[in-house]
Chemist: 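A single structure is presented below for examination.
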Amino acid sequence: MGVKGFVEGGIASIIAGCSTHPLDLIKVRMQLQGEASASTAQTQTLRPALAFHPPNNTTNAHVPVAPRVGPVAVGVRIVQQEGVAALFSGISATVLRQTLYSTTRMGLYDMLKKKWTDPNTKNMPLGKKIVAGLIAGGIGAAVGNPADVAMVRMQADGRLPAAQRRNYKSVVDAITQMSKNEGVTSLWRGSSLTVNRAMLVTASQLASYDEFKEMILGKGLMKDGLGTHVTASFAAGFVAAVVTNPVDVIKTRVMNMKVEPGAAPPYNGALDCAMKTIKAEGPMALYKGFIPTISRQGPFTIVLFVTLEQVRKLLKDF
């Protein structure tokens with residue numbers, strides 16, 4: 001029964017991850033908007049996330065500031081400049097990430113859920129659901145971090161000048177090059193952020209899905225079917241997006257930073273990245289990419305849980 005939960009969760013996660021990959025790529029590109037490069041960080045002043053354009057007489061008026069664009073514009077620009085195939089950049093890393101990270105977290109959560117569910121009421125208290133999500137998400141993230149770093153870099157590569165692109169051919173090539181050029185430890189760069197985010201995602205996503213589903217069925221609002229699964233999963237996706245977006249922005253920037261030999265890294269860790277981001281772009285910069293995040297979390301969570309429920313039905317006799 002334990003292995004079955006891993007298989008069911010893995011199949012559903014891979015399908016959901018691949019089907020929403022373009023939205024995730026757009027989210028990553030938006031989260032990197034306004035980020036100063038290591039070479040210009042000392043001279044370029046960035047416009048805050050929520051601010052009016054600076055007056056012409058200010059000292060930094062001569063610094064060109066790229067206008068911030070929405071998810072649709074980002075997607076159109078990617079297609080125009082890089083081609084339709086660019087929307088699926090890094091999809092091999094997504095498959096590996098879902099295989100390692102999501103399979104682990106879904107399977108562990110299922111095991112803990114079965115162990116901690118009250119045998120009499122057949123219910124599991126919300127507090128225990130959250131704890132189960134935190135444990136499962138943390139372990140899953142630690143396992144899948146190398147694929148996560150590779151995915152972020154492959155998705156972000158197209159925004160760099162041609163001379164600075166890493167041009168990874170696949171997730172295997174990305175992991176190999178990182179290990180060779182930056183050391184094996186680079187595969188776990190930003191792992192503390194990945195673990196923290198995964199704990200929050202799993203706790204908010206899986207626990208809230210179970211809670212919303214039980215509430216809908218308990219109050220007789222809907223029967224246990226597609227409508228219930230879609231409603232509960234969309235609500236769970238919204239909760240997860242609100243909770244995790246700030247951590248996701250910092251994680252993306254730390255993982256994507258390019259460390260030149262002999263030069264100081266742009267960020268000295270998660271806290272340093274958060275402080276520099278807030279100082280340069282304002283606190284709302286931590287919610288950059290929220291629209292594509294919820295646009296991705298909603299469909300991802302719906303596909304994830306609807307697929308999971310169907311896979312469970314197919315494998316119920318095994």
Side-chain angles (χ1 to χ4, degrees), residues 10-35 66-102 144-175 177-178 190 194 197 201 205 233-234 237-238 240-241 244-245 248-249 251-258 287-304 306-307:
I11 293 173
S13 298
I14 292 171
I15 292 174
C18 290
S19 61
T20 59
H21 182 83
L23 295 173
D24 194 48
L25 184 142
I26 291 172
K27 177 203 72 176
V28 167
R29 295 288 182 92
M30 289 189 70
Q31 288 175 339
L32 293 171
Q33 284 186 123
E35 183 183 34
R68 305 190 191 283
V69 294
V72 175
V74 170
V76 170
R77 186 169 61 189
I78 291 172
V79 172
Q80 290 176 339
Q81 296 179 354
E82 304 169 48
V84 176
L87 292 173
F88 291 90
S89 297
I91 195 166
S92 61
T94 291
V95 172
L96 181 60
R97 177 178 180 268
Q98 297 299 338
T99 301
L100 297 176
Y101 158 62
S102 289
N145 200 82
D148 207 2
V149 177
M151 182 184 72
V152 167
R153 290 191 173 196
M154 292 173 75
Q155 289 178 333
D157 212 34
R159 68 183 286 273
L160 297 173
Q164 298 179 20
R165 291 179 185 175
R166 301 178 176 101
N167 295 317
Y168 298 136
K169 298 179 179 66
S170 66
V171 62
V172 175
D173 181 50
I175 291 175
Q177 286 196 41
M178 280 188 285
T194 305
R197 178 187 178 276
V201 166
Q205 188 184 65
S233 58
F234 184 81
F238 181 81
T244 62
N245 202 87
D248 201 28
V249 170
K251 176 182 77 73
T252 296
R253 294 190 172 197
V254 170
M255 286 183 170
N256 187 60
M257 70 177 177
K258 191 170 186 178
Y287 274 91
K288 275 185 176 180
F290 180 75
I291 298 301
T293 294
I294 187 59
S295 298
R296 187 254 180 189
Q297 277 285 7
F300 175 86
T301 311
I302 291 172
V303 175
L304 174 66
V306 169
T307 304

Chemist: To the nearest 0.5 Å, what is the distance between CG on Leu96 and CG on Asp148?
Modeler: 10.5 Å
Chemist: Please report the interatomic distance CG(Leu304) to CD(Gln205), rounded to the nearest 0.5 Å.
Modeler: 5.5 Å
Chemist: Can you label the angle between the Phe238 ring and the Phe290 ring as parallel, tilted or perpendicular, going by 30° and 60°?
Modeler: perpendicular
Chemist: Taking all atoms of both residues into account, what is the closest heavy-atom pair of Val95 and Ile14, and its distance?
Modeler: O-CG1, 4.4 Å
Chemist: Specify the closest pair of heavy atoms between Ile291 and Pro71, including all atoms of both residues, with the distance to one decimal.
Modeler: CG2-CG, 3.9 Å
Chemist: For the CZ atom on Phe234, are there more than 12 heavy atoms of other groups (residues, nucleotides or ligands in this structure) within a distance under 6.0 Å?
Modeler: no
Chemist: Write down the atom of Met151, the atom of Gly90, and the distance for their closest heavy-atom approach.
Modeler: CG-O, 4.1 Å
Chemist: Show the nearest heavy-atom pair for residues Pro22 and Cys18, with the distance to one decimal.
Modeler: CD-O, 4.3 Å
Chemist: If you round to the nearest 0.5 Å, how far is CG of Leu25 from OG1 of Thr20?
Modeler: 11.5 Å
Chemist: When rounded to the nearest 0.5 angstrom, what distance separates CG in Asn145 from CG in Leu100?
Modeler: 10.5 Å
Chemist: Of the non-hydrogen atoms in Ser19 and Val303, which two are nearest, and what is the gap between them?
Modeler: OG-CG1, 3.9 Å
Chemist: Out of the candidates Arg77, Arg165, Arg29, only one should pair with Glu82 under the salt bridge (Lys or Arg N to Asp or Glu O under 4.0 Å) rule; please name it.
Modeler: Arg29
Chemist: Closer than 3.5 angstrom, by distance alone: can the side chain of Ser13 be matched with the main-chain N or O of Gln98 as a donor-acceptor pair?
Modeler: no
Chemist: Would you name the heavy atoms of Ser92 and Met154 that are closest together and state the gap between them?
Modeler: OG-CE, 4.0 Å
Chemist: Just verifying a value: how many Å separate Leu23 CG and Leu87 CG, rounded to the nearest 0.5 Å?
Modeler: 9.0 Å
Chemist: If you measure from NZ on Lys251 to CG on Asn245, what distance do you get to the nearest 0.5 Å?
Modeler: 11.0 Å
Chemist: So Arg153 and Arg166, do their side chains get closer than 4.5 Å, heavy atoms only?
Modeler: yes
